[in-house]
Amino acid sequence: HGAVKNEDTFKTSPFHFDLWFYFTLQNWVLDFGRPIAMIILPLEWFPLNKPSAGDYFHMAYNVITPFLLLKLIERSPKTLPRSMVYVSIIMFVMGASIHLVGDSVNHRLIFSGYQHHLSVRENPIIKNLKPETLIDSFELLYYYDEYLGHSMWYIPFFLILFIYFTGCFTPVEEESRMPVAALLLMGPSSLYYWYLVTEGQIFILYIFTFFAMMALVMHQKRKGLVLDSNGLFLFYSFIITLVLIAVWVVWLWNDKILRKKYPGVIYIPEPWAFYTLHMNNLHAAKESL
């Protein structure tokens, strides 16, 4: 299944506006929008001991995203390694489902005063729990949410995108241009990838994928091959994402509180940590006036 057939090596592939549009739309609505839906919808509709609206968004995401990724692979002009794609899809669903459970509890804790800019043990509602072994349980939940769930979710996600990217080359220079529709989608797509990388804390995975893309582009260029419209859309989206991440880091470079939570060499704060630290305090200050 992994071999490339001679007859499909240089097939043309038009820009997949429908798939990229649906992909971008559902990413914004079902992934970015789920914590917002959880916060703004009345608690009476979704009690704290039941799944929130955001959880149902996440469930839909876990079904729709693998389907769109598979359709994207099917549209590739080249025969790609299907077995690797299927295993990646299975891992993606497992990781996203693990994240669904952990993220659901962690975001619901916001209503009890949980602060995302602090570590689990430093949170006021957690640090005084008795017995102290309960804190270990919350740290385990955080591990499943932020580490295991994210790894099993995002590694296969970026792997599938890269596998698809390997089939986005053509010897025809005229095909190496993007239509207006692609240019219009590039902004929302890049902004979502910025959110994905910063909130998911997956910069290393993202940057390695981006470097692999650049290396492949340079390698294929020596063979006289250039990116088609779909490859350009994905490649330029990743470039803009890198610029957005750099702007985000520079903006929050001197934030001492966030620096404490992200003490490593790679300092990339999560947007929701920024929200709970600054925006919540701003809202509270306005309400007290």
Side-chain angles (χ1 to χ4, degrees), residues 1-2 19-20 22-35 37-38 46 49-76 80-109 116 120 136-167 189 192-193 195-210 212 234 238 241 268 270-272:
H1 290 292
L19 288 182
W20 289 120
Y22 295 141
F23 193 60
T24 303
L25 179 65
Q26 67 95 31
N27 282 337
W28 275 106
V29 174
L30 300 180
D31 189 18
F32 179 80
R34 58 187 168 79
M38 178 203 68
F46 304 96
N49 62 345
K50 301 293 182 182
S52 69
D55 296 341
Y56 293 111
F57 278 35
H58 206 323
M59 293 175 197
Y61 174 92
N62 291 2
V63 174
I64 296 173
T65 304
F67 174 76
L68 291 176
L69 289 173
L70 285 173
K71 296 301 291 184
L72 202 60
I73 293 295
E74 289 176 6
R75 296 271 187 96
S76 175
L80 301 174
R82 302 285 177 169
S83 297
M84 184 178 294
V85 170
Y86 295 151
V87 171
S88 298
I89 289 291
I90 292 170
M91 286 189 61
F92 173 91
V93 175
M94 288 179 62
S97 299
I98 291 172
H99 180 266
L100 163 63
V101 178
D103 199 58
S104 172
V105 176
N106 281 333
H107 276 292
R108 302 290 262 180
L109 286 174
H116 277 284
V120 174
D136 295 330
S137 298
F138 276 100
E139 286 190 321
L140 177 63
L141 177 69
Y142 185 84
Y143 172 80
Y144 270 99
D145 177 13
E146 296 294 328
Y147 294 101
L148 183 61
H150 280 185
S151 298
M152 293 182 65
W153 176 3
Y154 295 132
I155 291 176
F157 177 80
F158 280 95
L159 179 60
I160 292 170
L161 287 181
F162 180 74
I163 291 174
Y164 172 78
F165 185 77
T166 62
S189 176
Y192 171 75
Y193 287 131
Y195 171 76
L196 190 71
V197 173
T198 54
E199 185 64 29
Q201 292 293 285
I202 52 169
F203 178 77
I204 294 178
L205 174 61
Y206 155 78
I207 202 65
F208 269 98
T209 305
F210 179 57
L234 195 55
F238 271 51
T241 299
I268 302 178
E270 298 170 72
W272 276 102

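Heads up: numbering here begins at 1 and tracks the sequence. Keep in mind that this is a model prediction, so the values were computed, not measured.
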Got a sec, which residues hit side chain to side chain contact (heavy atoms under 4.5 Å, CB included) with L68, two or more places apart in sequence or on another chain?
L19, Y22, F23, Q26, I64

A side-chain contact here means heavy atoms from C-beta on lying under 4.5 Å apart; do L234 and W20 qualify?
yes

4.5 Å side-chain heavy-atom contact, V29 and L25
yes

Which atom names give the shortest non-hydrogen contact between S52 and D55, and what distance separates them?
N-OD2, 2.9 Å

Spacing of CD1 belonging to I155 relative to CE belonging to M91, to within rounding of 0.5 Å
6.5 Å

Smallest separation among heavy atoms of L159 and S88, with atom names:
CD2-OG, 3.4 Å

Heavy atoms only: give me the nearest T166-L80 pair and the separation to one decimal.
OG1-CD2, 3.7 Å

Across all chains, not counting sequence neighbours, the salt bridge (charged side-chain N to carboxylate O under 4.0 Å, His left out) partners of E199 are none

Got a second to check how far F238's CZ is from S189's OG, nearest 0.5 Å?
8.0 Å

Search all heavy atoms of P66 against all heavy atoms of V93 and return the closest pair with its distance.
CG-CG2, 3.7 Å

Set out, in order, the CA-CA distance, both residues' side-chain angles and the distance that settles side chain to side chain contact (heavy atoms under 4.5 Å, CB included) for L161 and T209, then state yes or no.
CA-CA 9 Å; L161 287 181; T209 305; 5.9 Å; no

Would you mind listing every salt bridge (charged side-chain N to carboxylate O under 4.0 Å, His left out) that reaches into residues 97-107, with sequence neighbours excluded?
R34-D103

Looking at every non-hydrogen atom in both residues, tell me the closest pair between S104 and R108 and how far apart they are.
O-CG, 2.8 Å

Could you check W272 against Y195 for side chain to side chain contact (heavy atoms under 4.5 Å, CB included), going step by step and ending with a plain yes or no?
CA-CA 10 Å; W272 276 102; Y195 171 76; 3.5 Å; yes

To the nearest 0.5 Å, how far apart are OH in Y154 and OH in Y206?
15.0 Å

When you measure from the side chain of T65 to the backbone N and O of N62, does any donor-acceptor pair fall under 3.5 Å?
no

Is there a side-chain contact between F203 and T198 (heavy atoms, below 4.5 Å)?
no

Tell me if the CE atom of M94 is crowded by more than 12 foreign heavy atoms within 6.0 Å.
no

For F138, which residues count as a ring pair (Phe, Tyr, Trp, His ring centres under 6.0 Å) partner, sequence neighbours excluded?
none

To the closest 0.5 Å, what do you measure between OH (Y61) and OG (S97)?
11.5 Å

Under 6.0 Å from the CE atom of M84, do we count more than 12 heavy atoms belonging to anything else shown?
no

Do the side chain of H58 and the main chain of G54 share a donor and acceptor less than 3.5 angstrom apart?
no

With the side chain counted from C-beta on, respond yes when R82 and I73 share a heavy-atom pair under 4.5 Å apart, and no when they do not.
yes

Minimal non-hydrogen separation, I98 against G149, with atom names:
CG2-CA, 4.0 Å

Rounded to the nearest 0.5 Å, how far does CG of L70 lie from CZ of R75?
12.5 Å

Are V85 and Y164 close enough that some pair of their side-chain heavy atoms sits under 4.5 Å apart?
no

Are more than 12 heavy atoms from other residues, nucleotides or ligands located less than 6.0 Å from atom CZ of F92?
yes

Judged by atom type as modelled, is there a donor-acceptor pair below 3.5 Å linking the side chain of S151 to the main-chain atoms of L148?
no

Which residues satisfy the side-chain hydrogen bond (donor to acceptor under 3.5 Å, both in side chains) test with Y192, sequence neighbours excluded?
D31

Sorted by chain and number, sequence neighbours left out, ring pair (Phe, Tyr, Trp, His ring centres under 6.0 Å) with F57 holds for none

Gap between atom CH2 of W153 and atom CG of L100 - 0.5 Å precision:
9.0 Å

Min side-chain heavy-atom separation F158-L196 under 4.5 Å:
yes

